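Being a predicted model, the structure only gives us computed values, none of them experimental. Each chain gets a letter, A, B and so on, in the order the sequences are listed, and its residues count up from 1.
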There are 2 protein chains.
Amino acid sequence: MAQKSRAEMMEETRAKLIAAARKAFADKGYADASMDDLTAAAGLTRGALYHNFGDKRGLLAAVVDQIDGEMAARAQEQANRKGGSDWEKLLAEGRAYIELALEPEVQRIVLLDGPAFLGNPAQWPSQNTCLSATITTLERINKAGGIKPIDIEATARLLTGAALNAALWVAASEDPETVLSKAIEAFECLASGVLREQPDS
Amino acid sequence: MAQKSRAEMMEETRAKLIAAARKAFADKGYADASMDDLTAAAGLTRGALYHNFGDKRGLLAAVVDQIDGEMAARAQEQANRKGGSDWEKLLAEGRAYIELALEPEVQRIVLLDGPAFLGNPAQWPSQNTCLSATITTLERINKAGGIKPIDIEATARLLTGAALNAALWVAASEDPETVLSKAIEAFECLASGVLREQPDS
DNA sequence: TCAATTAACATACGAAGCGTATGTTTTTAT
DNA sequence: ATAAAAACATACGCTTCGTATGTTAATTGA
């Protein structure tokens, strides 16, 4: 089909705006990103913005949603690649979260600006994408009787929180390579706290 | 002395501005807080602001510093109150962090707005106030040979990160009472991962 | 098929806020 | 006592956001 339908055009402009926003938000931060510049870079005007996303925050929410989806997919991929036990999958997820959060785009938009302008991340619908994966893995381990009798969701929240914070620490360090390995070690150490018995490693 | 020196006057206006900023930032958030309104509420104008703090961000930094100092002091107080072993002190600190982070003022200003407008908290000088306390406690436990051979700072970073994230979760929940106890349980569980042997509890 | 309506934007407008540049007054220094 | 500087207040310009109002093209209904 050479002709694009109206709905397709709409989706295309939405995609262009989101793409331009990802770049602008990542480069300048949400607060310093001008909507005039952003929309112009996408070959549009602010009119398209307010028609499609309501306001500036709406665009940020859409961007966060998109990034979060990509994060969850990539983390799952990493976790499933190596196979292994559910426990090893949990550790792989944690490592993946840390490494994903090292990307400037994720860090600036999702970890720094997101909470300030979209509010408490614990209330985001998207945050649950990454989180539910961890919950699922924890529940599997739990059904096998491998962990202590604690609240699954609470544990998942703390683990992901620790991972994201670790990423911020690594990003701020002057020697990310070695600091990253330290962070991953510490993460696996803390995670082992949920086990009934010490792992083999 | 009935007369106040010039330096005292200066400190007084700084204190008034910081106090007004704490209230305004906590109520409306940093982005939506008007400097005109804020300074007027302190009985001053924006002139005083830019003379004392450089810009809006400078005022936020001062506010964050003050709150962080109070947090560290209160957490230490809580940890030392019950006495007990270093291990119990570590758990008490974690619990204190979670409970402190539940206060709307701390949450809005330090956890949500701070990172967005002051940048990565891992680079803040003030963040180290709370963190170094945890590091100190961990080192004490380490010297007694009680923990696994992992990086102390990394562990402290992850533990505080987990605590702060837990607080955001509790704050967003509809039943903070029970969720808080779950979060504290999970925290202690994860923290026990650093121990060589399972604690007595 | 052809008006009429609506969707998808663009343009124009008004208001608010930040930072700076420029006063103004009161100490401090010499 | 006069000059200098500190501690603010006032005034100004610039940017930006959200909305209100066009404008064009597609869709609907008879």
Side-chain angles (χ1 to χ4, degrees), chain A residues 1-21 23-64 109 113-114 116-119, chain B residues 1-21 23-64 109 113-114 116-119:
Chain A
M1 55 178 180
Q3 285 290 34
K4 288 167 190 166
S5 77
R6 197 157 180 181
E8 283 169 341
M9 289 292 296
M10 186 109 184
E11 267 313 304
E12 194 176 320
T13 64
R14 286 178 60 93
K16 279 196 283 188
L17 286 175
I18 291 179
K23 182 166 178 50
F25 292 163
D27 285 354
K28 310 184 176 182
Y30 174 81
D32 292 338
S34 161
M35 305 307 272
D36 273 323
D37 298 350
L38 190 161
T39 52
L44 297 163
T45 70
R46 286 213 329 273
L49 221 188
Y50 288 93
H51 186 70
N52 282 283
F53 297 98
D55 59 352
K56 192 178 181 181
R57 276 180 51 206
L59 181 57
L60 175 61
V63 170
V64 167
I109 299 178
D113 285 340
F117 297 99
L118 300 179
Chain B
M1 56 177 180
Q3 286 290 35
K4 286 166 191 165
S5 78
R6 195 156 180 181
E8 282 169 341
M9 289 292 296
M10 186 109 183
E11 268 312 305
E12 194 176 321
T13 66
R14 285 178 61 93
K16 280 196 283 190
L17 286 175
I18 291 179
K23 182 166 177 50
F25 292 163
D27 284 355
K28 310 184 176 183
Y30 174 82
D32 291 338
S34 161
M35 304 307 273
D36 273 323
D37 298 351
L38 190 160
T39 52
L44 298 162
T45 70
R46 286 214 328 272
L49 221 187
Y50 288 93
H51 187 69
N52 282 282
F53 297 98
D55 60 351
K56 191 178 181 181
R57 275 181 51 206
L59 180 58
L60 176 62
V63 169
V64 167
I109 299 178
D113 285 339
F117 297 99
L118 300 179

Participant: To the nearest Å, give me how far apart CZ (A:Arg57) and C1' (D:dG18) are.
Facilitator: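 Result: 14 Å.
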Participant: For a quick test of reading the model, state the closest non-hydrogen atom pair linking A:Leu38 to A:Leu17 and the distance between them.
Facilitator: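 Closest pair (atom of A:Leu38, atom of A:Leu17, distance): CD2-O, 4.1 Å.
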Participant: Can you tell me how far C1' of D:dC8 sits from CZ of B:Arg14, to the nearest Å?
Facilitator: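 My rounded result for the distance is 14 Å.
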Participant: Between N or O atoms, less than 3.5 Å apart, protein on one side and nucleotides 21-24 of chain D on the other: list the pairs.
Facilitator:
none

Participant: Would you name the heavy atoms of A:Lys28 and A:Asp37 that are closest together and state the gap between them?
Facilitator: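 For A:Lys28 versus A:Asp37, the nearest heavy atoms are NZ-OD2, 4.2 Å.
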Participant: Check A:Arg14 against A:Asn52 and note the closest heavy-atom contact, atom names and distance.
Facilitator: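 Taking A:Arg14 first and A:Asn52 second, the nearest heavy atoms are NH1-O, 3.2 Å.
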Participant: For the residue pair B:Asp36 and B:Arg46, what are the closest heavy atoms and their distance?
Facilitator: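 Minimum heavy-atom contact is OD1-NH1, 3.1 Å.
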Participant: Measure the distance from CG on A:Leu38 to C1' on D:dC17 and round it to the nearest whole Å.
Facilitator: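 Nearest whole value for this atom pair: 13 Å.
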Participant: When the distance from CG of A:Asp36 to P of C:dA10 is rounded to whole Å, what number comes out?
Facilitator: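 Whole-Å distance recorded here is 12 Å.
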Participant: Distance check needed: D:dA9 C1' versus B:Leu44 CG, whole Å only.
Facilitator: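 Answer to the nearest Å: 10 Å.
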Participant: If you look at every strand shown and take non-hydrogen atoms under 4.0 Å, does A:Ser34 touch a base, only sugar-phosphate, or nothing?
Facilitator: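 Sugar-phosphate contact only - A:Ser34 comes under 4.0 Å of backbone atoms but never of a base.
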Participant: Considering just the side-chain nitrogens and oxygens of B:Thr13, establish if one lies under 4.0 Å of OP1 or OP2 belonging to D:dC8.
Facilitator: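 Affirmative; the distance criterion is met.
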Participant: Between C:dT6 atom P and A:Met10 atom CE, what is the distance in whole Å?
Facilitator: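 Distance check: A:Met10 CE to C:dT6 P gives 17 Å.
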Participant: Which parts of residues 46-56 of chain B get close to DNA chain C, meaning a heavy atom less than 4.0 angstrom away?
Facilitator: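 Those residues whose heavy atoms fall under 4.0 Å from DNA chain C, taken from residues 46-56 of chain B in numerical order, are B:Arg46, B:Tyr50, B:Asp55, B:Lys56.
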Participant: Taking all non-hydrogen atoms of both residues into account, name the closest pair between A:Lys56 and A:Ala33 and its distance.
Facilitator: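 Scanning both residues completely, I find the closest heavy atoms to be NZ-O, 3.1 Å.
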Participant: Is the ring pair A:Phe117/B:Phe117 parallel, tilted or perpendicular, if the boundaries are 30 and 60 degrees?
Facilitator: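 Correct class here is perpendicular.
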Participant: Under the side chain to side chain contact (heavy atoms under 4.5 Å, CB included) criterion, do B:Met35 and B:Leu59 qualify, and how do the steps go?
Facilitator: CA-CA 10 Å; B:Met35 304 307 273; B:Leu59 180 58; 3.9 Å; yes
Participant: Specify the separation, in whole Å, of atom CE of A:Met9 and atom C1' of D:dA26.
Facilitator: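 Whole-Å distance recorded here is 12 Å.
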Participant: Could you tell me the separation between the NZ atom of B:Lys23 and the CD1 atom of B:Ile109, rounded to the nearest 0.5 Å?
Facilitator: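 If we round to the nearest 0.5 Å, B:Lys23:NZ and B:Ile109:CD1 are 11.0 Å apart.
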Participant: To the nearest Å, give me how far apart CG (A:Asp32) and P (C:dG19) are.
Facilitator: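 It works out to 10 Å between those atoms.
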Participant: What is the nucleic acid contact for B:Ala33, judged by heavy atoms within less than 4.0 Å: base, sugar-phosphate only, or nothing?
Facilitator: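 Contact class for B:Ala33: sugar-phosphate only.
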